[in-house]
S.K.: 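Next up is a structure, given as structure tokens.
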Amino acid sequence: MNAREPAFVSQSRSARLRQMLVSNELEFMMEAHNGLSARIVREAGFKAIWGSGLAISAQFGVRDNNEASWTQVVDTLEFMADASDLPILLDGDTGYGNFNNVRRLVRKLEQRGIAGVCIEDKQFPKTNSFINGEAQPLADMDEFCGKIKAGKDSQTDENFSIVARVEALIAGWGMDEALRRAEAYRRAGADAILIHSKLSRPDEILEFAREWAGRGPLVIVPTKYYSTPTEVFREAGISTVIWANHLIRAATSAMQAVAKEIHTSETLVNVEDSIAAVNEIFRLQDADEYSEAEDRYLSSGRAAGSAVVLAASRGKGLEAVTEDRPKVMLPIAGKPLLRWLVDAFKKQGVNDITVVGGYRADAIDTAGIRLVVNEQHAQTGELASLACALDKLTGDTVISYGDLLFRSYILRDLVESEAEFSVVVDSSLTDTENASVRDFAWCSAADDRGLFGTKVVLRHVASSEEQSSAFAAQAPHGRWMGLLNVRGAGRERLQAVMHELQARDDFASLDMPALLNALIAAGESIEVQYVHGHWRGVNDLDDFRRAGDFAHAQAPFATAVGVDGNAAHGGAQ
Ligand code: SPV
Ligand code: MG
């Protein structure tokens, strides 16, 4: 039966292992020694895993002499069982003690979803069969039968399998002793016999199989007689072949070669293409599932998780200082404007930051951000830049101009807003006479501290395209600062409105206020959070000069200079 056949996979792991042992087909198990290798065994198509004592010891860097404690082995198996849904047959060495240790082992293995255990008739602490096997003392046969009985009596899952491993051939006690022991173990309740050999030819295994004559399932480990054609095992009526140590050996060769190469050449360039990509490691760890779960379980309860920063413009009025960089890379008090913004986002737990660059995007410091480029930046406006990041919007998102400096409470309050759409409006700026000022905002109510806590919504924002509108007759209530928070279901509605705007002929000239007004026209409620100063935009050389003082005042222990300054903001596409 194929490993992926649904009827097989839907059975418990122990039932699947038992079925493999008793089936008339020749079955195969592959060694694994940790979670990653267990996943790899499953992906290769194997139906079961051999939890090799040698390989598990080796990956810990210790010897196959019970140097790793049995609980350390069981902990490793837990990772393997979690990483792979395959049945695992543990190589349980001698059972880590007497009958009582075997009973406890079986109970613990069942609790961790392990399908069976193989115990060998040697003495604790054991030595690997391929190291001076003749010198290894065998267990007393009757005492070993007691261990098998104790294990079978203590299992609660009827399908849990106990495989008895006969070491008589390894220890040089001869065929008759091997057969005598195998029969005794079968009678004691063993579900299968593992007959082990260290010869490079399969002769004694085949002789054993002939004499055994199908009294019960036979398991073999052809590590030493590896050149025997598999068909020979099939014809001999073997139940299961264990490929016992080949993944730890493959990993060892690969690690040795790569470590040596990197050490010698002092560069990664020679190895990169011949080793697994980092993304392949993420895939094996099931990293995508984590991201999906994060969306499902984290988004509603947390602050906005992502931000889009519009940073495509050179900056009108700043030509003298933006020859080789965009406005957002201008240094303010020792660090670029964009870095102040990114740090402010990170401080609020907004770590997924997409910056839309345009003019001299190559000069943008991309540390900690994702850069996308509006290639049409010279001919298009803010919304065309936002469109470049539209598919990057996941979860709650803050859309921001790139040229903002602000006190941290402003962003904190914005991302904590429960509203699907919220904006910050500065009520200290209502001077419509100032030509460099834009983004005037009209709201459902003026900023009134006496009404603190009353919900205010945005009615209109003057876009650069239409300074005069029906609203222009009334004094504005303030200025939109350039921050829009989009939460929950608001994101998809914003994307829908953006798609409608993208269909318009004048889309290339549209700016952020046009989006806000379109959202309002579509019936969305955009909550207003009023502030009174406490921020700056950088729109001309004067702003640039004053921004340094403002930024200095935000730094810890800085001397406060003019921190309540008014902003003169022209927007940053
Ligand atoms: C193991 O894989 O640890 C085994 C098989 O016990 S062998 O090393 O071949 O003895
Ligand atoms: Mg072993």
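We count residues from 1, following the sequence as given. Whatever order the structure lists them in is the order used to number ligands and atoms, beginning at 1.
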S.K.: Would N485 and D396 count as having a side-chain donor-acceptor pair, cut-off 3.5 Å?
M.R.: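 Not at all, the side chains of N485 and D396 share no donor-acceptor pair under 3.5 Å.
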S.K.: Could you tell me which atoms of ligand 1, counted from 1 in the order shown, lie closer than 4.0 angstrom to a heavy atom of A244?
M.R.: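 Selected atoms, number and element: 2 (O).
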S.K.: Would you tell me whether R42 and S37 have side-chain atoms, one donor and one acceptor, within less than 3.5 Å of each other?
M.R.: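 Short answer, no.
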S.K.: Any side-chain donor-acceptor pair under 3.5 Å between T94 and E120?
M.R.: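 No, E120 and T94 have no side-chain donor paired with an acceptor closer than 3.5 Å.
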S.K.: Identify whether the distance between the nearest side-chain nitrogen and carboxylate oxygen of R210 and E207 falls below 4.0 Å.
M.R.: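 Salt bridge: no.
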S.K.: Would you kindly say whether D352 and S306 are connected by a side-chain donor-acceptor distance under 3.5 Å?
M.R.: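 Note: D352 and S306 side chains miss the donor-acceptor criterion.
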S.K.: Looking at G53, which atoms of ligand 1 are within less than 4.0 Å of one of its heavy atoms?
M.R.: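 Ligand 1 atoms under the 4.0 Å threshold to G53: 1 (C), 3 (O).
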S.K.: Could you tell me which atoms of ligand 1, counted from 1 in the order shown, lie closer than 4.0 angstrom to a heavy atom of V221?
M.R.: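 Once the distances to V221 are compared, the set is 9 (O).
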S.K.: Record the part of H196 in heavy-atom contact with ligand 1 below 4.0 Å; permitted values are side chain, backbone, both and neither.
M.R.: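 Only the side chain of H196 comes within reach of ligand 1.
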S.K.: Side chain, backbone, both or neither: which applies to N128 and ligand 1 if a contact is any heavy-atom pair less than 4.0 Å apart?
M.R.: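 For N128, the contact with ligand 1 is made by the side chain alone.
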S.K.: Looking at S52, which atoms of ligand 1 are within less than 4.0 Å of one of its heavy atoms?
M.R.: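 Ligand 1 atoms under the 4.0 Å threshold to S52: 1 (C), 2 (O), 3 (O).
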S.K.: Does CZ belonging to F130 count more than 12 external heavy atoms closer than 6.0 Å?
M.R.: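 Yes, because the 6.0 Å sphere around CZ of F130 holds more than 12 heavy atoms from other groups.
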S.K.: Could you tell me whether L54 and ligand 1 have an N or O pair separated by under 3.5 Å?
M.R.: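 Indeed, backbone or side chain, L54 has an N or O that close.
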S.K.: Students should be able to answer this: which protein heavy-atom is nearest to atom 5 (C) of ligand 1, and at what distance?
M.R.: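 Result: R165 NH1, 3.9 Å.
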S.K.: What protein heavy atom sits nearest atom 1 (C) of ligand 1, and how far off is it?
M.R.: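 Checked against all protein heavy atoms, atom 1 (C) of ligand 1 sits closest to D91 OD2, 3.1 Å.
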S.K.: Decide, counting backbone as well as side-chain atoms, whether D91 has an N, O or S atom less than 2.8 Å from the Mg ion (ligand 2).
M.R.: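 Checking the Mg ion (ligand 2) against D91, an N, O or S atom does fall under 2.8 Å.
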S.K.: So for ligand 1, is W50 a polar contact partner (N or O within less than 3.5 Å, distance only)?
M.R.: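 Such a contact does occur with ligand 1.
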S.K.: May I ask you to check whether Q11 and Q19 show a side-chain donor-acceptor distance below 3.5 Å?
M.R.: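 Yes - a donor-acceptor pair under 3.5 Å links their side chains.
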S.K.: Could you tell me how the ring of F233 sits relative to the ring of Y225: parallel (under 30°), tilted (30 to 60°) or perpendicular (over 60°)?
M.R.: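 Perpendicular: the ring planes of F233 and Y225 meet at over 60°.
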